[in-house]
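Each remark here refers to the structure printed beneath this line.
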Amino acid sequence: EPIPGYSTDFVPGAAFNFTKLRALAGYGMTLGSLPLQVGLALKLDYLNLAEVQSVYVNMDVGVLLSLFDLKPFQAEVGARNRLALGLTARNLFAFSGLKLVQLADVDPFTLTLGAAYRREVSTAFRALASLDLSVDQFGSATAALGIEAEFFRNYLLRAGVLVDQGVSFGAGVHFRDLEVSYALLVRPSALNHNFSVSLAFGTSRLGLLRKRADRERLMVEEAVHKSVEEERTRAASARAELERTAAEQLRLGKEEAERR
């Protein structure tokens, strides 16, 4: 049967509403001391397309390599700038059709290769540019370009281009582990409004780096303290030896004087 608002040959005949709600839980981790992070996310989606509804589950997995955390780059660019490469496999359950309520197709399985560069211009401003290339299970390929400006580590402005599909604009604000974002995707045939609220748990990548820096600082302080103590011990030994030598010379001098 045709979807309400469409004719039988699926040609748009009237405007209709499209709503998608998503609950997502993700987990990520850094692999030891390597600048490599892995993560996965489980998604519960509710779709309402012209009053026809669907609920389904899906999963994403991904890896992220931070190139500037590799030692050859650190001396060249400094620790404040970042260049990262990522690979994401989205909608792994697309092939199984894992739906809680049967309806239309779920989001297709998609592989995305991305690169992002972030530059810290000052303590109050950071800029980020990204490029994503995606291909889905049907062979459809897309490219996306995006930029982000971060002010005072709390306020975000974003813009992007989804090649041949539309442009997007967005803003966000985050405080510690909480972030609220809004994005508007302008397509030739529709406007998409996207709202998101995210809350992070556990230790972030920045937290891990701070812990590593604290450990290294403590190791340096312990090494310096040990070196200072060893130097003090050597100085005390040398001073004691000089005192013994002076006392011995004084004794010999007295004995020589008495013999005369």
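We count residues from 1, following the sequence as given.
Note that OG1 of Thr19 and NE2 of His193 are 11.0 Å apart. Values are rounded to the nearest 0.5 Å. Taking CD of Gln165 as the start and CG of Leu185 as the end, the distance is 8.0 Å to the nearest 0.5 Å. One distance of note links CD of Glu221 with CE of Met219; it measures 12.0 Å at 0.5 Å rounding. Here the NE2-CD distance, from His174 to Glu179, works out to 5.5 Å after rounding to the nearest 0.5 Å. Note that OG of Ser130 is 7.5 Å distant from CG of Leu145, once rounded to the nearest 0.5 Å. Once rounded to the nearest 0.5 Å, the distance linking CG of Leu36 with CE of Met29 reads 10.0 Å.
Nearest heavy-atom pair, Asn194 versus Asn192, reported as atom, atom and distance to 0.1 Å: ND2-O, 3.8 Å. Shown here for Ala143 and Leu133, the closest heavy-atom pair between the two residues is CB-CD2, 3.7 Å. Closest approach of Arg153 and Thr123 over heavy atoms only: NE-O, 3.7 Å. Contact record, Leu111 with Ala89: CD2-CB, 3.8 Å, taken as the closest heavy-atom pair. Between Leu85 and Ala115, the shortest heavy-atom distance links the atoms CD2-CB, 3.6 Å. Taking both residues in full, the closest heavy atoms of Asp132 and Gly114 are given as OD1-CA, 3.3 Å, listed atom of the first, atom of the second, then distance.
Between Lys43 and Asp60, at least one side-chain N (NZ, or NE/NH1/NH2) sits under 4.0 Å from a carboxylate O, which counts as a salt bridge. Of the charged side-chain nitrogens involved, none lies within less than 4.0 Å of a carboxylate oxygen, so that Asp164 and Arg187 do not count as a salt-bridged pair. Electrostatic pairing of Glu231 and Arg234 counts as a salt bridge here, judged by a charged N lying under 4.0 Å from a carboxylate O.
Under the 4.5 Å side-chain criterion, counting only non-hydrogen atoms from C-beta, Val167 is not in contact with Leu162. Residues Arg239 and Arg244 are not in side-chain contact: their nearest non-hydrogen atoms beyond the backbone lie 4.5 Å or more apart. Residues Arg22 and Leu44 have side chains not in contact (no heavy-atom distance under 4.5 Å, counting atoms from C-beta outward). Between Leu31 and Val38 the shortest side-chain heavy-atom distance falls below 4.5 Å. In this structure the side chain of Leu42 never reaches within 4.5 angstrom of the side chain of Leu24, judged on heavy atoms. Inter-residue side-chain proximity for Leu65 and Pro35 is flagged as met; some heavy-atom pair is nearer than 4.5 Å. Side-chain contact between Pro108 and Phe138 is present, with at least one heavy-atom pair separated by less than 4.5 Å. Using a 4.5 Å cut-off on side-chain heavy atoms (C-beta onward), Leu178 and Val197 make contact.
Linking Ile, Leu, Val, Met, Phe, Trp and Tyr residues whenever their side-chain heavy atoms come within less than 4.5 Å leaves Val180 and Tyr182 in two separate clusters. Residues Leu128 and Leu83 are members of separate hydrophobic clusters, defined by side-chain heavy-atom contacts under 4.5 angstrom among Ile, Leu, Val, Met, Phe, Trp and Tyr. One hydrophobic cluster, built from ILVMFWY side chains closer than 4.5 Å, cannot hold both Leu64 and Tyr27; they sit in different ones. Connection of Val173 to Phe195 is not established within any shared hydrophobic cluster, with ILVMFWY side chains joined at heavy-atom distances below 4.5 Å, either directly or through further cluster members. Cluster membership for Val224 and Leu218, using ILVMFWY side-chain heavy atoms within less than 4.5 angstrom, is not shared.
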Step-by-step side-chain contact (heavy atoms from CB on, under 4.5 Å) determination, Val135 to Thr110
CA-CA 6 Å; Val135 59; Thr110 305; over 6 Å; no
Full working for side-chain contact (heavy atoms from CB on, under 4.5 Å) between Leu156 and Arg158:
CA-CA 7 Å; Leu156 305 166; Arg158 302 182 177 108; 2.9 Å; yes
Using the side-chain contact (heavy atoms from CB on, under 4.5 Å) rule, take Asp107 and Tyr56 through it: C-alpha gap first, then chi angles, then the decisive distance, then the call.
CA-CA 10 Å; Asp107 294 333; Tyr56 55 93; 3.6 Å; yes
Could you walk me through whether Leu157 and Glu148 pass side-chain contact (heavy atoms from CB on, under 4.5 Å), step by step?
CA-CA 6 Å; Leu157 292 177; Glu148 177 185 270; over 6 Å; no
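Without hydrogens or angle criteria, Gln137 side chain to Phe109 main chain gives a donor-acceptor distance under 3.5 Å. A donor-acceptor contact shorter than 3.5 Å links the side chain of Thr233 to the backbone of Glu229. Using modelled atom types, one side-chain atom of Asn58 and one backbone atom of Leu92 make a donor-acceptor pair closer than 3.5 Å. Of the possible polar contacts, none joining the Ser140 side chain to the Asp136 backbone as a donor-acceptor pair under 3.5 Å is found. Side chain of Thr88 to backbone of Arg90: no donor-acceptor contact under 3.5 angstrom is found.
Enclosure of atom OH in Tyr155 is not indicated, since only 12 or fewer non-hydrogen atoms of other residues, nucleotides or ligands lie within 6.0 angstrom. A 6.0 Å sphere centred on CZ of Phe152 holds no more than 12 heavy atoms belonging to other residues, nucleotides or ligands.
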